Structure formats: C-alpha cells, structure tokens
Amino acid sequence: MLNKKKNSFFQLDRFNLIHFLEGFDIFLNFSIVTFLSIFFLADYDENYSLPIIIFIICLSFFSRIFVIPLLKKLLYYTKNKKINCLYFLSLAYLIPVFLPNNFLIVSLLIFVFCRFSIGILFSFIHLNYFNSLMDKDEDSYFIKYSLTIIVGMVLANFLYLFIDDFFSNNQLNEWAWKVTYVILFLITALISLVLKIKNRPFHISISYNSSLDEQLSLKKVKKFFFANIYILIPLFSFIFFSANSWLPKFANPENMQFLEFNIVFMMVIFLISIFIFPLIKLIGRKRLSNFLGFSIVIICFIAFFFKYTSSYSIDLLKFFIALVSSFSLCIFFLNNKNLKDFGVMNVNIIQNLYYLVFSLISPLLFYYFINNSISYNIIYLTIGSFFVVSLVSTFYVKEK
C-alpha cells in the first residue's frame with residue numbers, strides 16, 4: 001500500500017480544478033480566433049486581424065506579470081483580506097456573452113479588459129497556490145498543473161467539435177462563438193458551487209507583507225528563467241493544438257501538414273509525462289535533465305542538416321516536439337526545496353515571465369505561419385538553441 005508521500009502525485013486539490021478550467025480557457029479561446037476576428041475586425045485583412053485577436057487572447061498571459069503591483073493597490077483600497085476569485089472569473093466569462101455587435105469598438109475594449117482580468121485572476125490563484133505548498137512535502141505540483149491543463153484542453157476539444165457541428169459558420173461568426181463563454185461561465189460557477197457545498201469555498205487571501213519584497217532576487221529569477229527556457233516548447237505545442245481547427249486552413253499551404261498538431265500528439269505528451277516523471281524522481285532531476293538536454297541538443301544538431309519533404313519526416317518532427325514537450329514538463333518542476341529557496345515571489349515572477357514572453361511571441365509566430373513557409377531545419381535549430389541556453393545557464397551562470 002502506497003504511503004501518503006508516494007501517493008501525493010495522484011492526489012488532487014481544489015487548485016487543480018482551476019488548472020482544469022485554465023485548460024478549457026486556453027483551448028476554447030484559441031479555437032474561436034477566426035470567429036472573433038470576423039465579429040470584431042471584419043473590415044481588416046485576415047493576415048492582420050488574426051494575429052491581433054491572438055494577442056488579445058494572449059492578454060490573459062501577458063497581464064499575469066502585473067499581479068504583484070495590483071495586489072499592493074488592492075490592499076490599499078480594500079479592508080477585506082479575502083476574495084472569492086471564482087466569482088470574478090465567472091463575471092469575466094459572462095460579460096462577453098452580452099457584447100453587442102452594433103458598437104464594436106466598445107465591445108472590443110470590454111473584451112480586452114475581460115481577457116486582461118482573467119490573466120490577473122489566474123495569476124492571483126497561482127500565487128496563493130504556491131503559498132499553500134510552502135509547508136507541504138510536494139514535489140510534483142508543476143507536472144500535475146500541466147497534465148490537468150492538458151486534460152481540460154482534450155475535453156474542451158470534444159466539446160468544441162460538438163459546438164462546431166451544431167452551429168453553422170454564419171451563426172458562429174455572428175453570435176454563436178459566445179456559447180464557448182457560456183460554457184466557461186457554467187464550469188466556473190459549477191466549481192464554485194461544488195466547493196461551497198463541500199464547505200471549501202475558494203476564498204483567496206490577499207494579504208501582503210514586506211517579507212515578500214525581501215525574497216525578491218533578480219539574479220535568482222534571471223538564472224532560473226534562462227536555465228528553464230525550454231518550457232516555452234510545450235506552451236507553444238498547447239497553442240498549436242488549440243488552434244488546430246483553423247490554423248492549417250489559414251496558414252501558408254506549405255505549413256498545413258506541420259500545423260495539424262492534433263489530439264494524438266497531445267496524448268503522447270500526456271502519457272510520456274506520466275511514465276517519465278517517476279523515473280526522473282528515481283534517478284534525480286539534475287542528472288537526468290542534463291542528460292536529456294545534451295541528448296536533445298545532439299539530435300537537433302544532426303537533424304538540422306537533413307532535408308524534410310516527405311509526410312513521414314514532418315510527422316516525425318511533430319512526434320519529436322511532443323517528446324521534447326513531455327520531457328520539458330517533467331524536468332521543470334519546482335519542488336518544496338525550490339519554493340523555500342526561491343521564495344513565493346520569485347517563483348511567481350519566473351512563471352509569469354515565461355507567460356509574458358509567450359504572449360509576445362505567439363502573435364508574431366502566427367503571423368509568420370500565415371504568410372510564410374516553415375523551415376523545418378530552423379525548428380530543430382530553435383529547439384536545440386533553447387536547450388543550449390539552458391545548459392549554459394546551468395553550468396556557467398553562478399549565483400553570487
């Protein structure tokens with residue numbers, strides 16, 4: 001019989017429900033990009049309107065870096081030291097349902113505000129999540145966070161297929177895209193109701209003290225950020241999967257096969273992550289991460305000199321991305337020791353910095369896919385470069 005420590009990997013808590021919701025949010029929003037583009041930016045060329053909508057959706061990642069300054073302001077104006085973030089999330093998902101199509105500028109500004117607010121709320125929940133883990137012997141929270149997001153995305157995929165079949169394209173362009181926000185609202189409300197029935201309402205503490213500022217170390221943040229830069233790879237794979245319903249059709253025809261990053265590859269990421277994580281714990285994160293990093297760099301260096309024209313080579317590349325994504329999720333986990341060493345403030349900033357970079361690169365990347373053909377050699381070179389930066393940072397950047 002497994003003891004509590006060994007079984008901790010399979011134990012979920014109320015925060016994992018929010019991670020599940022986050023997976024739904026990511027997939028459904030990136031799936032309806034074309035409908036949002038026609039609803040809000042019908043007069044613009046799709047080569048520009050689609051990246052603009054991508055950036056607006058990515059505001060939920062971009063805004064997370066501002067959670068600490070906003071927290072200080074919030075404490076200055078409020079006496080209530082606890083809030084229920086699920087109530088505000090429900091509201092942020094419900095407001096877009098009532099956006100009019102007569103005043104598109106106002107509607108677009110409201111939609112931008114909602115996406116920005118959703119990112120703040122998710123970051124606020126993550127900050128409290130880190131606080132809750134400080135005194136726990138928990139070393140698998142990041143992998144559980146990632147896998148729960150994947151589960152949410154996969155389930156959202158099946159739900160979106162039903163919505164896409166039920167409504168016509170004209171209905172989705174005009175108003176039916178709002179159904180996805182009705183679903184997000186209902187899921188958020190259901191989670192809030194279940195937790196309330198179980199007498200575990202999602203009351204998040206907004207307390208802040210000077211010790212958090214004292215924890216802040218830009219050198220630690222810089223070192224850890226570059227040492228784990230490869231985490232951007234699975235983040236982009238998540239977005240390719242979420243945009244799979246429309247991106248291959250709107251992209252450059254030569255990119256179509258590569259951008260069909262379907263559910264099979266997401267399941268590969270999920271299953272390999274489950275099997276490899278216990279192995280990493282057994283062998284040791286540092287030892288195995290260095291071995292995997294060197295192996296991926298060597299493979300990418302060799303693959304850079306080949307030509308990729310057949311469908312098999314492209315499918316192999318997508319499988320390689322799925323494999324690297326699963327490795328990245330497993331070796332990027334901040335265990336209990338890391339939390340105490342880095343401090344909650346540093347961990348939150350590090351995670352939000354990755355989201356910040358991701359939100360800035362994503363619109364440019366989509367613009368490139370739509371207007372230019374992909375060089376598969378450059379993809380291998382980029383993946384290898386991420387791990388080169390990680391290895392160099394690990395071995396040569398010394399903390400004072």
Side-chain angles (χ1 to χ4, degrees), residues 9-10 12 16-33 54 57-58 60-61 122 140 142-165 180 183-184 187 230-249 251 255-278 280 292 296 311-312 314-333 354-355 358 361-362 365-366 369 374 376 379 382-383 386:
F9 178 69
F10 302 99
L12 301 178
N16 295 119
L17 294 174
I18 306 302
H19 306 156
F20 174 83
L21 173 64
E22 199 169 354
F24 257 83
D25 178 275
I26 292 172
F27 186 90
L28 291 179
N29 276 281
F30 280 95
S31 293
I32 62 173
V33 167
I54 290 292
I57 292 174
C58 284
S60 63
F61 300 103
F122 275 129
S140 59
F142 185 81
I143 187 67
K144 287 196 293 187
Y145 165 67
S146 304
L147 295 183
T148 310
I149 285 181
I150 292 177
V151 171
M153 292 173 64
V154 171
L155 293 179
N157 173 61
F158 292 113
L159 191 58
Y160 175 77
L161 291 177
F162 173 78
I163 295 172
D164 191 44
D165 289 337
T180 59
I183 293 171
L184 289 169
I187 293 174
Y230 51 75
I231 198 61
L232 291 173
I233 298 172
L235 289 179
F236 285 119
S237 68
F238 290 173
I239 301 308
F240 295 155
F241 169 63
S242 300
N244 182 62
S245 61
W246 63 270
L247 183 57
K249 304 172 188 176
N255 304 335
M256 181 178 297
Q257 187 174 352
F258 171 75
L259 294 176
E260 291 177 344
F261 200 86
N262 55 37
I263 194 171
V264 173
F265 297 102
M266 290 303 297
M267 294 309 299
V268 169
I269 295 175
F270 183 85
L271 294 175
I272 293 179
S273 298
I274 289 179
F275 284 111
I276 198 175
F277 183 74
I280 290 177
L292 292 175
I296 291 171
S311 59
Y312 296 105
I314 298 174
D315 287 336
L316 182 62
L317 171 58
K318 290 192 287 185
F319 177 78
F320 179 71
I321 292 174
L323 193 65
V324 171
S325 296
S326 63
F327 288 160
S328 301
L329 294 177
C330 289
I331 61 180
F332 180 82
F333 65 92
Y354 290 124
Y355 284 133
F358 168 78
I361 295 178
S362 291
L365 202 58
F366 275 79
F369 288 153
I374 299 172
Y376 301 111
I379 294 176
T382 303
I383 294 173
F386 280 139

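Source: prediction; values computed, not measured.
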If we only count heavy atoms from C-beta on, is the [X] to [Y] side-chain gap below 4.5 Å?
X	Y	result
Ile32	Trp246	no
Ser237	Phe261	yes
Phe158	Val154	yes

*With Tyr354 via side-chain hydrogen bond (donor to acceptor under 3.5 Å, both in side chains) - residues at least two apart*: none
_All ring-ring contact (aromatic ring centres under 6.0 Å, His included) counterparts of Phe369, not counting sequence neighbours_ = Phe240
_Leu159 CG to Ile183 CD1 distance, which is reported to the nearest 0.5 Å_ = 4.0 Å
*Say you draw a straight line from CD1 of Ile383 to OG of Ser325; how long is it, rounded to the nearest 0.5 Å?*
7.5 Å
*Of the non-hydrogen atoms in Asn244 and Leu259, which two are nearest, and what is the gap between them?*
OD1-O, 3.4 Å
*Are the side chain of Lys318 and the backbone N or O of Gln257 linked by a donor-acceptor pair below 3.5 Å?*
yes
*Is there a donor-acceptor contact under 3.5 Å from the side chain of Asn29 to the main chain of Asp25?*
yes
*Would you please indicate yes or no on a ring centroid separation below 6.0 angstrom for Tyr230 and Phe386?*
no
*Can the ring centres of Phe236 and Phe358 be said to be less than 6.0 Å apart?*
yes
*By salt bridge (charged side-chain N to carboxylate O under 4.0 Å, His left out), which residues pair with Glu260, not counting sequence neighbours?*
none
_Taking salt bridge (charged side-chain N to carboxylate O under 4.0 Å, His left out) as the definition, give me every residue that meets it alongside Asp164, ordered by chain and number, with sequence neighbours left out._
none
_Using the side-chain contact (heavy atoms from CB on, under 4.5 Å) criterion, which residues pair with Ser242? Sequence neighbours excluded._
Ile26, Phe27, Phe30, Met153
_Going by side-chain contact (heavy atoms from CB on, under 4.5 Å), name the residues that satisfy it together with Ser245, two or more places apart in sequence or in a different chain._
Ser31, Tyr160
